[in-house]
Structure formats: structure tokens, C-alpha cells
Amino acid sequence: MSRIPAVFKRLHGAGRKALIPFFTAGDPDKGSTVPILHALVRAGADIIELGVPFSDPMADGPVIQRSSERALRNGTTLRDCLGFVAEFRATDTITPVVLMGYANPIEAMGYDAFADSAAASGVDGVLVVDYPPEESAELHDKLKSRGMDSIFLLSPTSVDERMDDVARLASGYVYYVSLKGVTGSASLDLDDVKSRIPRIRAHVNLPIGVGFGIRDAQTAHVIAGVSDAVVIGSRLVQEIESSQPGQAAGNLERLVSEIRRAMDSPA
């Protein structure tokens, strides 16, 4: 059974919002992935999105594209990603992990094999960037039957009908992409985000996480005031990219701790 709903229930009861960091598995190297997962938990992460590297990403900006390239050069596969989650689960049975990536690696493995392996590894949810709801029913059913959530994206251009389509399949939370563009591509229009969240809530009865464009603690604090979760990726991947060998986990822990404190500070 997915751990995600329990996390949001606990945070809601405490008057807090979820912090959801993202990074790419296998970056800067395979051996760093599980230590980074644990470092993010120590820093205050509530849910972790683990990126599955892919050679032709469509939603990722240059920073995350380069992280996928590094991970692929390191030989990181979807099966490796599942293995990282299983290793993480040996000592952390609480923190939800969502796999975020693209359809090709899952289709290459096969839906049943992927769903079985993901469940056995301890994955809680799956976000497939290039699967719209109308193409997701089969994978959704296989994930659901094994106790995993299907996470979907919404964007500033999502019409009411699209939100209704997402609401019929989504579970765990929905991820609102706050920018028109790729990850890390522009500055965030906070007023626009504030105005769009109520419209999404009118269609989707799930927690709403906001991502894309959140690059510092202050922005995370503001977004936490209007959403249920803050998703931050490019800034963390950038920190990995600039870290000296062996220092990525520690650097991320310091950065995410700062974001956590800002999110928890009074309005």
C-alpha cells in the first residue's frame, strides 16, 4: 500500500506542507544515489521523486538533461533505479518514493514486470511524464492493484476537461507544473500560481504539489502557503553538478534543510 496518503494526512494534522525533492538516479554516480536519498530524508524531505534517466526527455531543461546524460554514461537503468529503492527500503520503510520518468523504459520492461518489480522494491508512486490520462489506464490499473499511486501533471494550459480526466485516474497527489516550458526555464509568477490553485481544487480532490521554477527557500515558503507540497528539482540537480566528488549528499542535505526551515517558518 502506498505511503503517500498517510504522509499528507499527518502533515495536514500538523499544519505543515510536504517537501518533495527530485534528483536523477545514478547522478553523479550509482554509489551516491542511496546516500542522497537518506540525506534528503535527514534534511526534512517528506516524499522523494527519483528520476529515471532517459536519453530524450521532453519536459526537462538543460540542468536535468545533463543529469540524465551523466547517469546514462554511468550505465544507470530502470532496474538499477528499482534496486536503489530496494536498498533504501532496507533502512527506511517510511518515506514514500515516487519514480518519475518517461514511458520507453517502462514499456521496454513490460507493464506487469515493471509493476511487480516496483511494488517489490518499495515504490509508492509512478509519474510518467509522457503518458496523458487517456493512455494511462492499463498501467494505472496494474499499479493500483499492487498498491501504488499514479501521479499526473497539470499545467497552466490544462483545461477543465483535462483536470477531470486526471481526477478520474490520479491518486496520491497531482503535480502542478507552474511554468509554460521545461524545468528550470524561467522565473516563477507567484501571483499566477496563487490564482490557479483554487481552480485545480475545484476539479481534483487530491493534494496539489507545485514544481518547476522553485529555486530558493523564500519561493518555497510562498508556494507552501498556497499548495499542499513544494517540489524542487533543478536547483538540487544543479547542486549535485557543482559538487566535488563525494560531497553531493552533504551539500544537498544543507540546501534542503534550509528550504525545510523556510517552509515551516510562520507566514
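Side-chain contact between P53 and C81 is present, with heavy atoms from C-beta onward closer than 4.5 Å. Contact check for F8 versus I47: side-chain heavy atoms found under the 4.5 Å cut-off. By the 4.5 Å heavy-atom criterion applied to side chains, D27 and R66 are not counted as neighbours. When side chains are defined from C-beta on, H140 does not count as touching P133, because their heavy atoms never get closer than 4.5 Å. Annotation: side chain of R261 is not in contact with side chain of S265 (no heavy-atom distance under 4.5 Å).
Salt bridge status for R254 with E258: absent, with no side-chain N to carboxylate O gap under 4.0 Å. For the pair R146 and D112, the salt-bridge criterion is met [side-chain N within less than 4.0 Å of a carboxylate O]. We find that R42 and D92 are not joined by a salt bridge, their nearest charged nitrogen and carboxylate oxygen being 4.0 Å or further apart.
Around atom NZ of K144, no more than 12 heavy atoms belonging to other residues, nucleotides or ligands sit under 6.0 Å away.
Heavy atoms only, all atoms of each residue included: F22 and L50 are closest at CE1-C, 4.4 Å. Heavy atoms only, all atoms of each residue included: V34 and F84 are closest at CG2-O, 3.6 Å. Of all heavy-atom pairs spanning I240 and P28, the tightest one is CG2-CD, 3.5 Å. Of all heavy-atom pairs spanning I197 and Y176, the tightest one is CD1-CD2, 4.3 Å. In terms of heavy atoms, S117 sits closest to L82 at CB-CD1, 3.6 Å. Contact record, S243 with N251: OG-ND2, 2.9 Å, taken as the closest heavy-atom pair.
Of the possible donor and acceptor atoms, none in the side chain of D164 sits under 3.5 Å from a partner among the backbone N and O of E161. Judged by distance alone, the side chain of S242 and the main-chain N or O of Q238 form a donor-acceptor pair under 3.5 Å. The closest donor-acceptor contact from the side chain of D228 to the backbone of I208 lies under 3.5 Å. Listed for the T33 side chain is a donor-acceptor partner under 3.5 Å among the backbone atoms of G26. Remark: side-chain polar atoms of S2 are not paired, donor with acceptor, to backbone N or O of G147 under 3.5 angstrom. Judged by distance alone, with hydrogens and angles left aside, the side-chain atoms of S195 form a donor-acceptor pair with the main-chain N or O of D192 at under 3.5 Å. In this structure, S155 contributes its side chain and T157 its backbone to a donor-acceptor pair below 3.5 Å.
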- Going through the checks in order, is the side-chain contact (heavy atoms from CB on, under 4.5 Å) test met by M100 and V129? CA-CA 7 Å; M100 183 173 182; V129 175; 4.1 Å; yes
- Mind running salt bridge (Lys or Arg N to Asp or Glu O under 4.0 Å) on D46 and R3 for me, showing each step along the way? CA-CA 10 Å; D46 299 295; R3 302 163 179 82; over 6 Å; no
- Please report the C-alpha distance between V204 and F152 in whole Å, then the side-chain angles of each, then the deciding distance to 0.1 Å, and finally whether the side-chain contact (heavy atoms from CB on, under 4.5 Å) criterion is met. CA-CA 11 Å; V204 181; F152 286 91; over 6 Å; no
- Item | side-chain contact (heavy atoms from CB on, under 4.5 Å) evaluation trace for I20 with Y175 | CA-CA 10 Å; I20 308 179; Y175 185 151; over 6 Å; no
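The side-chain hydrogen bond (donor to acceptor under 3.5 Å, both in side chains) pairs that include a residue from residues 10-24 are R16-D264, T24-S67, where partners are two or more places apart or lie in different chains.
Using a 30° and 60° split on the angle between ring planes, H38 and F88 fall in the tilted class, from 30° to 60°.
L78 and L72 are members of different hydrophobic clusters when ILVMFWY side chains are connected at heavy-atom separations under 4.5 Å.
For N74, the side-chain contact (heavy atoms from CB on, under 4.5 Å) partners at least two apart in sequence or on another chain are D29, T76.
Partner H203 forms a side chain to side chain contact (heavy atoms under 4.5 Å, CB included) with one of L154, D160, D165 and no other, that one being D160.
Defined by atom type and a distance below 3.5 Å, a donor-acceptor pair is present between the side-chain atoms of Y131 and E107.
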